[in-house]
Protein chains: 2
Amino acid sequence: MKRITIKDLAQQAGVNPSTVSRALKDHPDISPALRDRVKQLAEQLHYRPNHMAVYLRQRTSRLVGLVIPEITMFFYPSLIKGVEQVLHNHGFSLVMLPSNESLDRETENIQICFDNDVAGLLIAFSRETNNTEHLALLEEAGAPIVMVDKVLENSGFDAVVLDDYSDARAAVTHLVATGCQRIAGVFGNPNMHITQLRLKGFTDVLKASQLPLDPEQLLFANDAAEAQECVQQLLRAPLPPDGLFAMSDEIITGALPALLDSGRKIPDDCAVVCMSDGLLPHFLRPQVTFLRHDGFALGQLAAERLCAMIKSGEHLQADYQGRQIVLEAQLIEQETTRPLNALALK
Amino acid sequence: MKRITIKDLAQQAGVNPSTVSRALKDHPDISPALRDRVKQLAEQLHYRPNHMAVYLRQRTSRLVGLVIPEITMFFYPSLIKGVEQVLHNHGFSLVMLPSNESLDRETENIQICFDNDVAGLLIAFSRETNNTEHLALLEEAGAPIVMVDKVLENSGFDAVVLDDYSDARAAVTHLVATGCQRIAGVFGNPNMHITQLRLKGFTDVLKASQLPLDPEQLLFANDAAEAQECVQQLLRAPLPPDGLFAMSDEIITGALPALLDSGRKIPDDCAVVCMSDGLLPHFLRPQVTFLRHDGFALGQLAAERLCAMIKSGEHLQADYQGRQIVLEAQLIEQETTRPLNALALK
DNA sequence: AACCGTTGCGCAATCGATTTCTGTTGATAA
DNA sequence: TTATCAACAGAAATCGATTGCGCAACGGTT
């Protein structure tokens, strides 16, 4: 019940608390003999410094806030895992703060970070968020901030992202290359920056390929269930698609069952490609060709960057410019797209 | 950059810091006039009390530790979400501490909780854990502890669990009722208590039904990929199963593709049933009959119980006995098992 | 012998909020 | 008019760890 404090150690050792403090952190002022004696005593009594007291004194904790739009089974588990691993290696603990896709809640989460004197913040914005005003509180408090995955442009903060535009291009290009003529796209919430980028990648490829860009073939869904409905609707159209692009794990998880339920053969009736963390496609049947967006690696990168900033304090300089780190993706081909030489057969 | 403290308010208001403190928390000694003036000032200057200082003084934080074996896309996202929702409603923040299925790491996580003076702990044990000695540190510090999902028996701590034994029975019984004769089971790590309970449920039903219990039809897998291999192996046997029980989301995620890849028809060649959070089966094809284990509700229950303990302090009594809360599950029938009247047809 | 630098450690302030103990008003009752 | 008691607010201690400053003791220098 009773917690051992530095005073207890001091009393036991017959020295001043300040001396104990210095001994424990190898201050040169303390003689090796006393230092060892104190350390041994601390060991014996299972002394553990009270973080709260240290935080209070040093005005910063060993906590890092992770604010994400929502806790889902898609993508974020990987990201969280990557983040946590790196943070732990650097001696930080993770405070999980989901925003439930609400700006208000996101703002509140920032305040919680402030209240707890977090050493830094990792944030993926909700779909309601379109500026970074609510980060000012923490920024002014001197905490480093790294945006990850769902970011905003021109915010001045560091960003660790995927190349959403190019990666979407690559995915759609693959679909085009296999001979699709009417390609539909199912996207996440149109408010999100990553949706806009992926959508632009999608449309740019279709334009460049001189393929039809039917607005009715562009659908938006907030979750897997909505994506399922979207695709069902898509398939009822007089001219259904022969190629489908799914923007994310969440989308493909809804889209694929809808395709299968309609009795279509993949890829013969409709080829499919998506962007994915890479876990799910391994277990979906048929296995989907996808552009691998490694959430784990993204989380690691973001956390490493944040830890570097915490250590260096570089963000405190008046003229500090946020750095942007882009993680490369990888195309993983599966049987849901026709073989590339299908083109030659046409 | 500068943080507003209670001293700043005191200076501005021309009173003593202690008076400000009292005014802000509606102490009867403070006149309404002054109270309102101070509150307004606090509002104006965006005063936020420093949690660390409060923690230090009051010896308890608004942080709750959540220790789970691993961050995966299966089950835990739901659980975390449920936990977080309830904690947030009660004004607590969640510190995420994955153990990576390691007892050492789990022990370390407990220490981190102790160091941060958490108000309470929610824990799902790693598969290496078979006693609760490492919780003593926190217990002695007076923190309430609630075990959730992956628990140990006779530990004296509160437990919020599913009825693993009965639920497994129900699932297997359903399989038997639809006429399966050779039922195989794929389970998680055999070290886990929940595996043992579900395994016992499984075998008890087979025994009671006088069905063969071939040890080669009992397989254990640590993740979805291993489950996939297990089932592949199972299907190569001279007498392959006509019914399959998958213990969890993770298992079914590997098992189902293996079945499909073998070209089998479900349920005609092999009926399938699993235990699941209920999210995934909605998107798997074919849709699997499952016993729904609601992770979200489980997380909510556990967090509610913990918050109640934090408030009441009931766990501090010398003779406190941990309470057990069992969440009921629900059988969700799908096309992966034959219709029940198949029995009559035989 | 007077001086100086170094070593080794204690004193006390500090972080921000809370709380106990006091003390000072002003009002009311005697 | 004085005793008494609210109402109100300040001083100071407290939580645990850290740190600037001071200082004693000792060895070496001139």
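Chain letters run A, B, ... following the sequence lines, proteins first, then strands; residues in each count from 1.
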Practice task
Please report, rounded to the nearest Å, how far the C1' atom of D:dA9 is from the CZ atom of B:Arg35.
Solution key: 15 Å
Exercise for the section: Report yes if a side-chain nitrogen or oxygen of B:Tyr47 is closer than 4.0 Å to either non-bridging phosphate oxygen (OP1 or OP2) of C:dA17; otherwise report no. Expected result: yes
Problem - First of B:Leu56 and B:Pro28 reached from the 5' end of DNA chain D, by closest nucleotide - result: B:Pro28
Fill in the blank from the handout: By nearest-heavy-atom nucleotide on DNA chain C, the more 5' of B:Lys7 and B:His27 is B:Lys7
Problem - Geometric class of the A:His315/A:Tyr320 ring pair [parallel <30°, tilted 30-60°, perpendicular >60°] - result: perpendicular
Completion exercise
Rounded to whole Å, CG of B:Asp115 lies from P of D:dG16 at a distance of 14 Å
Problem - hbond_proxy A:Ser31 side chain to C:dC9 base (donor-acceptor, 3.5 Å cutoff) - result: no
Practice task
Go through the side-chain N and O atoms of B:Glu108 and A:His88 and say whether any donor and acceptor fall under 3.5 Å apart.
Solution key: yes
Handout entry: Whole-Å gap separating P (C:dT24) and CG (B:Asp29)
Key = 17 Å
Practice task
Could you check A:Asn116 against A:Val95 for side chain to side chain contact (heavy atoms under 4.5 Å, CB included), going step by step and ending with a plain yes or no?
Solution key: CA-CA 10 Å; A:Asn116 284 286; A:Val95 181; 6.0 Å; no
Practice task
Have a look at A:Val15 and say if it touches a base, only the backbone sugar-phosphate, or nothing, with a 4.0 Å heavy-atom cut-off.
Solution key: sugar-phosphate
Practice task
Examine the base of D:dG10 for any acceptor or donor lying under 3.5 Å from a partner atom in the side chain of B:Arg22, and report the outcome as yes or no.
Solution key: yes
Exercise for the section: Look at all strands and tell whether B:Asn50 reaches a base, only sugar-phosphate, or nothing, counting heavy atoms closer than 4.0 Å. Expected result: sugar-phosphate
Completion exercise
Separation of D:dA17 atom P from A:Arg62 atom CZ, nearest Å, is 17 Å
Handout entry: Side chain of A:Thr5 - closest among D:dC8, D:dA17, D:dG10
Key = D:dA17
Handout entry: Distance test, side-chain N/O of B:Thr19 to OP1/OP2 of D:dG10, below 4.0 Å
Key = yes
Practice task
Look at B:Gln58 and C:dT19 and indicate whether a side-chain polar atom (N or O) is within less than 4.0 Å of OP1 or OP2.
Solution key: yes
Problem - Contacts of B:Glu101 that satisfy side-chain hydrogen bond (donor to acceptor under 3.5 Å, both in side chains) - sequence neighbours left out - result: none
Fill in the blank from the handout: Against the side chain of A:Lys25, the closest entry in D:dA12, D:dT19, C:dG16 is D:dT19
Problem - side chain to side chain contact (heavy atoms under 4.5 Å, CB included) between B:Tyr47 and B:Leu24, worked out - result: CA-CA 11 Å; B:Tyr47 167 74; B:Leu24 290 176; 3.6 Å; yes
Practice task
Tell whether A:Asn16 reaches the base of C:dC11 with its side chain through a donor-acceptor pair below 3.5 angstrom.
Solution key: no
Fill in the blank from the handout: From the candidates D:dA17, C:dC15, D:dC15, the one with an atom nearest any side-chain atom of B:Arg59 is D:dC15
Problem - Nucleotide C:dG16, atom P - distance to NE2 of A:His51 in whole Å - result: 20 Å
